[in-house]
Amino acid sequence: MGTAVFYLVAAVGVVSAIAAMAHRNPVVNVLSLVVTLFSIAVSYALLGAEFLAAAQILVYAGAILVLFLFVVMLLGAPAEPDAGESRPFQRTAGLALAALAAAGGAAVVAAIHAAAPAGALRGTAQALGVMLTGEYLFAFEFISVLLLAALVGALVLVKRKH
Amino acid sequence: MSRGLYLLAPMISVTVALMTFIVIPFGAGGDITIFGARLGGLIVAPDLGVGVLWLLAVGSLGVYGIVLAGWSSNNKYSLLGGLRSSAQLISYELSMTLAVLGVLMASGSLNLEQVVARQGGQFWLGAIPQWNVVPQIIGCVVFVVAVFAETNRLPFDLAEAETELVAGYHVEYSSMKFAAFLMSEYMNMVTASALIVTLFFGGWTFPGMGRFSGWPLLVLSLLSFGIKLAFFLWLFVWVRWSLPRFRYDQLMRLGWKGLLPLATLNLVWVGVAMTMGWIR
Amino acid sequence: MTVPTSNFVILAAILFAIGAAGVLLRRSGISILLGIELMLNAANLALVAFGRQHGQLDAQVFVFFVMAVAAAEVAVGLALLVAIFRKQQSIDVDRLNVMRW
Amino acid sequence: MLELLWLVPALPLAGAIVLLSGALRFGKRATTVVGVGSIGLTLAVVLTVLAQYAGRHGEIVVNHVFRWISAGAINVDFALRLDPLSAVMLSFVTLVGFIIHVYSIGYMHTEGDRAYARFFAYLNLFMFAMLTLVLGANLVVLFIGWEGVGLCSYLLIGFYFDKEYCANAGIKAFVVNRIGDFGFLLAIFWALRVFGTVDFTGMADALAADPARYAAAVTPIALLLFVGAVGKSAQLPLYVWLPDAMAGPTPVSALIHAATMVTAGVYMVVRTNFIFRLSPTAMLVVAAVGGVTAFFAATIGLAQNDIKKVLAYSTVSQLGYMFLAAGAGAFAGGIFHVFTHAFFKACLFLGAGSVIHACSGEQDMRKMGGLAKKIPVTYWTFLVATLALSGIPPFAGFFSKDEILGRVFAAGAGNLNGFGVSYLVLWVLGVAGAFLTALYMFRAVYMTFHGEFRGGHEAEHHLHESPPTMIWPLRILAAGSVVVGLLGVGKAITFGSDLNWFEGFLHHVAPTVEVEHAPALGTEWALIVLSVAVAGAGIALARRFYFGPQAFAAPRRIAERVPGLYAAVANKYYVDEAYDRTVVRPLGKLAHFSWKGIDTIAIDGTLNASAFFTEIAGDLLRFLQTGNVRNYALLVLGGALAAAAWLLL
């Protein structure tokens, strides 16, 4: 069943990702990305990372993309000014590089295909919590500083000067 | 603007409202066996290890319905309602999560069944049931207020705000689609009440339940849960007819400057109390 | 049965490529930020997959940190976009070339 | 009271700080109270300390103020040391210093308030440095004082910094001193390396315990120390700064360039006598430099017309005697001469100041004459001090100079360290110097105070005796010039009974190096008579040359007969010119080359070139900066893929 779910989820994820990148309507972009992120959350669950799956939805779908949506609406859902690409080289090179990245990923896969997973792994909240407050405590605390800095930075950027 | 999104919005609202309920334990099965299987706790998804996280994660998706509705209606009132709603939900979700964290710390588990089990059966001074509301009264108040805001109920229904925005995000909706929105709102109300009960008021447990087992326990636990749920549903309605609506800036100030510090304070208090051994 | 690691990695590679293409080809600032998010998530997925391959939870901790950083990045990025929009009524990044020589 | 030793340097420092912190805006009265008062207090403290110390029988009192340097095994305390040697120095430095402070009140009263305050601030600072130098219990603390007096000397020589020659004289003194200080520093480092300590007690103990172990290091350390002493005490070849230093106000010349600072070199050599006495070579070098300088400077003094220059060369010459004594092993004798010299040389300088004061700033003796009647007190005190300097009994200089010459002769006759002949030659030089001393000093006396006034009618009208604050110091110092010699009456004079209190007092810290075969009593008496006779001959010759109706005739004839020699002497043997040609100008050219050749072309050129290439590179690279975010992203992705490919393949 896991394999079937994966293929379903992968198909949904890829299609919605394409929609998220290619659609002209920014609201559709954001919503499609929500779907993609959902599929990634399911993939996490399939990989045994249940806490991450929940956090993925909570953080990305619940907060980050809502923020996107909020901004899109605040700016009046601006569509791109004109459809034409002003930089033909950019378009060609971009597509080529993206394809190259995908091919590179596939090449890596070819190297690891044979290996079997080391075993079932349950990324429960407890297991991750122990690591976060133990081995990675410094990074964990540092993230809080980063978030605070981002908060202040965002505030400063957006605040209107009186 | 986009018919697909316009139709999608109420669906999202209803789906999300329904999905949250699956992790709430609403009764005790005890040792009853049905069709050869032990009934255990009455809960839709007992194996979901992330329990409360699921609740928070899915609950946070409810905003999409409102925002999309507001935007796809192609109406200024709707858009404003949607915008207000998204900001409001993000703001209050923070306080709510922090309040829930206090309970989780005290319970030591993300699983709501465990949360409930921790609150049942024991008493302080022989009479006060060990519900989380007693040591964490601040957290409880914060949670209740935040939940009011999360469900877009008065006094926080800025997204609808008849007097300013006519009907806010669902001003353009009618028939079944409008009904879907209202249904989701009321379902959210039920879920929220159930959460308050589960997290702070001992869930389905009731004083003296140790003397019962089997079918009587099942019935009494359902009854206990139902009565508590009904009380908070009544509270929702009571508040709706008692308090006027906040202004938007007041709402934001309350959320960020009132509830957030209080929730943090609650968290600190729980941590200190647990370290000192005042609560289990 | 468990899904092989390679499947997840291929999915991650595809998603990453899509995100990269979005960043490189779109001209709207919001789309670029979305593409960055997609790339980050693709990398996260690969990380978790490899973590399972090696039986380590560290990968998941890393992903957690990446999420936090992404949240910070989005906050600042969107604030920038809002500020830019206020200034020139557009979020077309091709028009943001005042820092050019 | 001995615990309060730190007050001795602290009080003048406090005075200096107060004066400087007032931004030199005090009125004259306030400045006087602070500047002179601080030294007065110091004098009181010193007298108390010395009174108490007198009962200690040469005990060494070390006062640790605080630990100053602590690095690994090296520990240097800021410690003050009171022993007979520093007690002697302390006594006359403070006393003469105080007298000169009082004298300065009168001498400087015509200056503006600011200059007045600045002067006393510098003088106080100088007293602080000098007292630190004297009291320092180790080489490093001594070095602070050493540098401090150098700095103050620079500041005070260049006191009238708006006059170019004053500023130049200050710079010259500073730079020449620096050469000596360099040697001193090297000596400190070397001593630290060899002994592991720079503490006098520690080094002396180490040397006493195992002299053989340090045998190799003793001579270089002693010579390097002596280099420092040569610079500070204006000996050959580094004496050139002292005559120029007369550009400073006269009290400064009296205090710094006669009584105290220049004696620091002698003091330092005596202070480290436990090193010098172990190195015969160094001893001989010290004696030779001292003896040659004593004679050499005296000859220059013969042809000087500036009254202060005469005294300056006299100082150089007398310092030479002190080193000659130290080099002959008579450390106590050297210090004794320092002691007596402080009184009569200070008296001479202050008298000269009084003369200059009377002549409205004129310093050229050719424009003086016949002043004896106009300024009698100055004349009599000056005469007393001159007699003392010339070595006429029973004035102070007689005892100390006789002691020195006797010791040098004894060293020669007793074949000290096997260098007997050398010491005898130096003794001859010393005796010749004594003759010249009497000659040039009485030349100065006759030119200044006798005969007719040659300064013109206007100046004559202004002639006046100095105010009491200047007269009384002269009287005190003149009295001192008479009596202080009695502290160290030589053995021979008392027919062998040891009444030499001074030498006995210093015996604990600076014992005289005794020779095996001391000269017989008769020989010593012969020497005494000889030195007195030589001085008398000098006086007589001076009287014949420069007194009476035939004055100046004979010297002019001599000068006409041997013009080359006269010109050489009058021009100080062209030493300054030689230095200018061999050292100053080549260095100037080198500096000019470093500036124009190395700095401007090489260093600046390299910098400018690198800046230029950076600019070019920037001009080229900025084409990469399209200002397009997506373009940057493209480059980043391409780079990332390239890096990944390089890592994987």
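Just so we're clear, the structure is a prediction, and the values are computed from it rather than from any experiment. Lettering follows sequence order; numbering is per chain, from 1.
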Item to check | Any donor-acceptor pair under 3.5 Å from C/Arg52 side chain to A/Ala49 backbone | outcome: no
Checklist entry - With chain C, which of A/Gly153, A/Ala55, A/Ala139, A/Ala20 has the greatest number of heavy-atom pairs at distances under 4.5 Å? => result A/Ala139
Next on the checklist: Under a 4.5 Å cutoff for heavy-atom pairs, which residue among A/Val59, A/Leu147, A/Leu151, A/Leu33 has the most contacts with chain C?
Outcome noted: A/Leu33
Item to check | Contact class of A/Tyr7 relative to chain C, heavy atoms under 4.5 angstrom | outcome: side chain
Item to check | Nearest-0.5 Å distance, CG of residue C/Asn41 to CD1 of residue A/Ile40 | outcome: 4.5 Å
Item to check | A/Met21 side, atom CE; C/Leu38 side, atom CG - distance, nearest 0.5 Å | outcome: 5.0 Å
Item to check | Under 4.5 Å from any heavy atom of chain C - which part of A/Leu67 | outcome: both
Checklist outcome for this item: Scanning both residues in full, the closest heavy-atom pair of A/Ala17 with C/Ile18 reads O-CG2, 3.6 Å
Checklist outcome for this item: Most heavy-atom pairs under 4.5 Å with chain C, out of A/Leu46, A/Leu155, A/Ile143, belong to A/Ile143
Checklist entry - Given a strict heavy-atom distance threshold of 4.5 Å, which part of A/Leu65 is in contact with chain C: side chain, backbone, both, or neither? => result side chain
Item to check | Nearest heavy-atom neighbours spanning A/Gly13 and C/Leu15 | outcome: O-CD2, 4.0 Å
Checklist outcome for this item: A/Ala154 and C/Ala75 have their tightest heavy-atom pair at CB-O, 3.8 Å
Checklist entry - Checking A/Tyr60 against chain C: side chain, backbone, both or neither under 4.5 Å from a heavy atom? => result side chain
Checklist entry - Looking at C/Val82, C/Val76, C/Leu78, which makes the most heavy-atom pairs under 4.5 Å with chain A? => result C/Leu78
Next on the checklist: At a 4.5 Å cut-off on heavy atoms, which part of C/Ile32 comes close to chain A: side chain, backbone, both, or neither?
Outcome noted: neither
Checklist entry - A/Leu52 and C/Phe64: which non-hydrogen atoms are nearest, and at how many Å? => result CD2-N, 4.2 Å
Checklist entry - When heavy-atom pairs shorter than 4.5 Å are enumerated against chain A, which of C/Leu34, C/Leu80, C/Leu11 gives the highest number? => result C/Leu34
Checklist outcome for this item: Okay, A/Glu135 and chain C: the region with an atom under 4.5 Å from a heavy atom over there is side chain
Item to check | Residue A/Ala63 versus chain C: region with a heavy atom under 4.5 Å | outcome: neither
Checklist outcome for this item: Under 4.5 Å to a heavy atom of chain C? For A/Ile18 that would be both
Next on the checklist: Is A/Leu37 close to chain C through its backbone or its side chain, or both, or neither, when contacts mean heavy atoms under 4.5 Å?
Outcome noted: side chain
Checklist entry - Checking A/Ser43 against chain C: side chain, backbone, both or neither under 4.5 Å from a heavy atom? => result both
Checklist entry - Where does the angle between the aromatic ring planes of A/Tyr136 and C/Phe62 fall among parallel (under 30°), tilted (30 to 60°) and perpendicular (over 60°)? => result perpendicular
Checklist outcome for this item: Between A/Ile64 and C/Ala70, the two heavy atoms sitting closest are CD1-C, 4.3 Å
Next on the checklist: So, taking the atom named OH in A/Tyr44 and the one named CD in C/Gln60, what distance separates them when rounded to the nearest 0.5 Å?
Outcome noted: 9.0 Å
Checklist entry - Considering only heavy atoms, which portion of A/Val30 lies under 4.5 Å from any heavy atom of chain C: side chain, backbone, both, or neither? => result both
Item to check | Partner chain A: residue of C/Leu33, C/Val61, C/Leu81, C/Val63 with the largest heavy-atom pair count (under 4.5 Å) | outcome: C/Val61
Checklist entry - So which part of C/Phe16 gets closer than 4.5 Å to some heavy atom of chain A, the side chain, the backbone, both or neither? => result side chain
Next on the checklist: Looking only at the side chains, is there a donor atom on one of A/Gln56 and C/Asn44 sitting less than 3.5 Å from an acceptor on the other?
Outcome noted: no
